[in-house]
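Labels below follow one simple rule: chain letters A, B, ... track the order of the sequence lines, proteins then strands, and each chain is numbered from 1.
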Amino acid sequence: MRLATWNVNSIRARLPRLLDWLANVRPDIACLQETKIPPEDFPVAEIAELGYEVAAHGAGAWNGVAVLSRVGLSGRAVGFVDEPGFPDPEARALAVTCGDLRVWSVYIPNGRTPDSDHYAYKLKWLAALRGALAAELAEHPALVVSGDFNVAPTDDDIWDPAVFVGATHVTPPERQAVADLLALGLTDVEARPLKGDRPYTYWDYRAGMFHQNKGMRIDLVLASAPVAARITDAYVDREARKGKGPSDHAPIVVDLTDP
DNA sequence: ATGCCTTATTTCATAAGA
């Protein structure tokens with residue numbers, strides 16, 4: 001079984017590349033973030049042609065998450081109990097059941113700057129997510145939470161720590177919030193970089209950052225113990241970051257033994 | 001090589017991303 005997660009940065013803008021990627025990589029389950037599209041406009045028909053069922057959560061031009069599955073899709077849950085908003089809840093979390101797996105696609109708030117209201121919202125959102133996942137794990141032992149966490153868990157996950165002094169994504173409270181998620185019994189799945197030393201998943205569009213491999217590891221796949229024990233391989237598909245019209249994020253692809 | 005920002009909307013300017 002193959003599971004993937006990808007921040008596509010607009011499914012409208014990325015649809016041709018997404019369809020090519022699905023046809024080539026053939027994930028059984030794909031979590032998407034930053035779809036930036038309302039559910040009624042989601043390109044369900046094109047994706048269904050490749051054999052996928054779709055669950056999408058979106059509200060207008062920002063945020064938006066989805067799960068595509070060709071191994072069944074049921075138990076759709078949009079958002080979570082006591083999900084914080086800014087000020088109203090946004091389209092940042094979606095959970096579904098695909099075969100034997102409970103799968104969450106999440107898009108954690110950016111935080112903008114450490115002194116902003118959005119940063120406080122980010123921390124509040126992560127803390128609330130922890131509570132929701134604790135309850136979810138009690139019900140679904142085989143759980144995967146994947147998406148864009150907008151946190152680089154360690155200094156090894158950014159290309160130059162000096163550049164990020166005073167910035168979000170690297171502050172101790174953000175890193176602690178992710179550590180608190182792992183403390184629920186989740187594993188931060190280690191993915192192979194296809195090139196270079198570090199499995200970065202994001203490179204800014206500007207200034208040739210990708211070509212210099214000045215990236216960040218901010219997209220994560222968190223797996224509960226029964227799922228982590230089944231992993232045979234995981235890699236960052238940096239090929240998807242190349243060429244004309246890419247997302248600024250690359251997908252993570254995880255292979256599991258069948259249950 | 002992969003090549004120096006992109007996407008969206010309240011569009012000819014601005015907000016957001018990270």
Side-chain angles (χ1 to χ4, degrees), chain A residues 5-18 20-21 24 32-38 40-43 58-66 85-88 90-92 106-123 125-126 147-171 173-175 177-178 193-220 235-252:
Chain A
T5 185
W6 191 10
N7 179 325
V8 294
N9 185 17
S10 171
I11 199 166
R12 287 188 215 268
R14 216 66 57 212
L15 188 59
R17 289 189 65 127
L18 174 64
D20 283 349
W21 181 81
N24 287 314
L32 306 180
Q33 301 85 35
E34 284 207 85
T35 52
K36 299 185 176 178
I37 199 166
E40 62 268 26
D41 295 332
F42 203 94
W62 302 108
N63 314 308
V65 288
F86 194 76
D88 299 317
E90 301 174 307
R92 296 185 177 275
V106 296
Y107 175 51
I108 279 69
N110 172 291
R112 298 178 191 168
T113 59
D115 61 352
S116 72
D117 291 344
H118 207 263
Y119 177 83
Y121 167 51
K122 180 181 194 174
L123 294 179
W125 203 94
L126 279 163
D148 178 356
F149 284 73
N150 273 320
V151 178
T154 75
D155 277 353
D156 285 337
D157 298 316
I158 48 179
W159 58 277
D160 182 1
V163 171
F164 292 87
V165 172
T168 55
H169 295 61
V170 301
T171 66
E174 291 166 274
R175 286 176 167 170
V178 171
L194 295 184
K195 183 180 177 184
D197 296 332
R198 300 297 311 163
Y200 297 140
T201 63
Y202 164 86
W203 300 261
D204 196 296
Y205 282 126
R206 291 166 286 191
M209 299 289 269
F210 177 63
H211 315 92
Q212 301 169 70
N213 198 29
K214 293 179 175 176
M216 306 173 74
R217 187 176 79 93
I218 54 176
D219 299 88
L220 306 175
Y235 67 94
V236 179
D237 186 6
R238 69 192 303 285
E239 296 299 314
R241 181 63 178 79
K242 295 181 180 180
K244 184 174 171 57
S247 169
D248 42 4
H249 294 251
I252 302 169

task: Choose from B/dT7, B/dA8, B/dA18 the nucleotide whose nearest atom is closest to any side-chain atom of A/Asp148.
output: B/dA18
- prompt: Just how far, in rounded Å, is C1' of B/dT2 from CG of A/Leu194?
  reply: 13 Å
query: Using atom P of each nucleotide, how far apart are B/dT10 and B/dC5 to the nearest Å?
result: 27 Å
field: Contact nearer the 5' end of DNA chain B, comparing A/Tyr107 with A/Ala13
entry: A/Ala13
Heavy-atom pair with the smallest gap, counting every atom of A/Ile218 and A/His169: CG2-CD2, 4.1 Å
Pairs meeting criterion salt bridge (Lys or Arg N to Asp or Glu O under 4.0 Å) with involvement of residues 111-122 of chain A, two or more places apart: A/Lys122-A/Glu174
field: Full working for side-chain hydrogen bond (donor to acceptor under 3.5 Å, both in side chains) between A/Asp237 and A/Trp6
entry: CA-CA 10 Å; A/Asp237 186 6; A/Trp6 191 10; over 6 Å; no
Residues forming a salt bridge (charged side-chain N to carboxylate O under 4.0 Å, His left out) with A/Arg198, sequence neighbours excluded: A/Asp157
query: How is A/Asn110 classified with respect to the nucleic acid when contacts are heavy atoms under 4.0 Å: base, sugar-phosphate, or nothing?
result: base
- request: Check whether any side-chain heavy atom of A/Phe210 sits under 4.5 Å from a side-chain heavy atom of A/Lys242, and report yes or no.
  value: yes
- prompt: Is there a side-chain polar atom (N or O) of A/Asn150 under 4.0 Å from OP1 or OP2 of B/dA18?
  reply: yes
- request: Would you jot down, in residue-number order, the residues of residues 195-214 of chain A having a non-hydrogen atom under 4.0 Å from DNA chain B?
  value: A/Lys195, A/Tyr202, A/Tyr205, A/Arg206, A/Ala207, A/Gly208, A/Phe210, A/His211
message: For a quick check of understanding: with a heavy-atom distance under 4.0 Å over all strands, which category does A/Arg112 fall into, base, sugar-phosphate or nothing?
response: sugar-phosphate
- prompt: Should we count CG of A/Asp197 as having more than 12 external heavy atoms under 6.0 Å?
  reply: no
- request: Check every strand shown and say whether A/Thr168 touches a base, only sugar-phosphate, or nothing at a heavy-atom separation below 4.0 Å.
  value: nothing
query: Looking for any heavy atom pair under 4.0 Å, which part of the strands does A/Glu34 touch: base, sugar-phosphate only, or nothing?
result: sugar-phosphate
- request: May I ask you to test the A/Val8-A/Trp21 pair for a side-chain heavy-atom distance under 4.5 Å?
  value: no
- line: Contacts of A/Asp204 meeting salt bridge (charged side-chain N to carboxylate O under 4.0 Å, His left out) (sequence neighbours excluded), chain-then-number -> A/Arg206
- prompt: Which residue, A/Asp248 or A/Ile11, contacts DNA chain B at a nucleotide closer to its 5' end, judged by nearest heavy atom?
  reply: A/Ile11
- prompt: Aromatic ring centroids of A/Phe86 and A/His118 under 6.0 Å?
  reply: yes
statement: Between CD of A/Gln33 and P of B/dT7 the distance, given in whole Å, is 17 Å
So which protein nitrogen or oxygen atoms get under 3.5 Å of nucleotides 10-14 of chain B's nitrogens or oxygens?
none

query: To the nearest Å, how far apart are A/Glu90 CD and B/dG17 P?
result: 9 Å
query: Side-chain N or O of A/His249 less than 4.0 angstrom from OP1 or OP2 on B/dA18?
result: yes
query: Choosing from B/dA8, B/dA18, B/dT2, which nucleotide comes nearest the side chain of A/Lys242?
result: B/dT2
field: Listed partners of A/Arg175 passing side chain to side chain donor-acceptor pair (under 3.5 Å), at least two apart
entry: A/Asp155
- request: Work out which heavy atom in A/Trp203 is nearest to a heavy atom in A/Ala250; give both atom names and the distance.
  value: CZ3-CB, 3.7 Å
message: Strictly below 4.0 Å: does A/Ser10 bring a side-chain N or O up to OP1 or OP2 of B/dA8?
response: yes
statement: Atom CG of A/Asn7 and atom C1' of B/dA18 are separated, to the nearest Å, by 11 Å
field: Separation of the P atoms in B/dA18 and B/dA8, to the nearest angstrom
entry: 14 Å
statement: From OH of A/Tyr121 across to C1' of B/dA16 the rounded distance in Å is 14 Å
message: Output the rounded distance in Å from CZ (A/Arg241) to P (B/dA18).
response: 12 Å
field: Separation between the P atoms of B/dT11 and B/dT6, rounded to whole Å
entry: 22 Å
- line: Whole-Å distance, A/Trp62 CH2 to B/dT9 P, equals 8 Å
task: Return the value, rounded to whole Å, for the distance between atom CG of A/Asp219 and atom C1' of B/dA18.
output: 11 Å
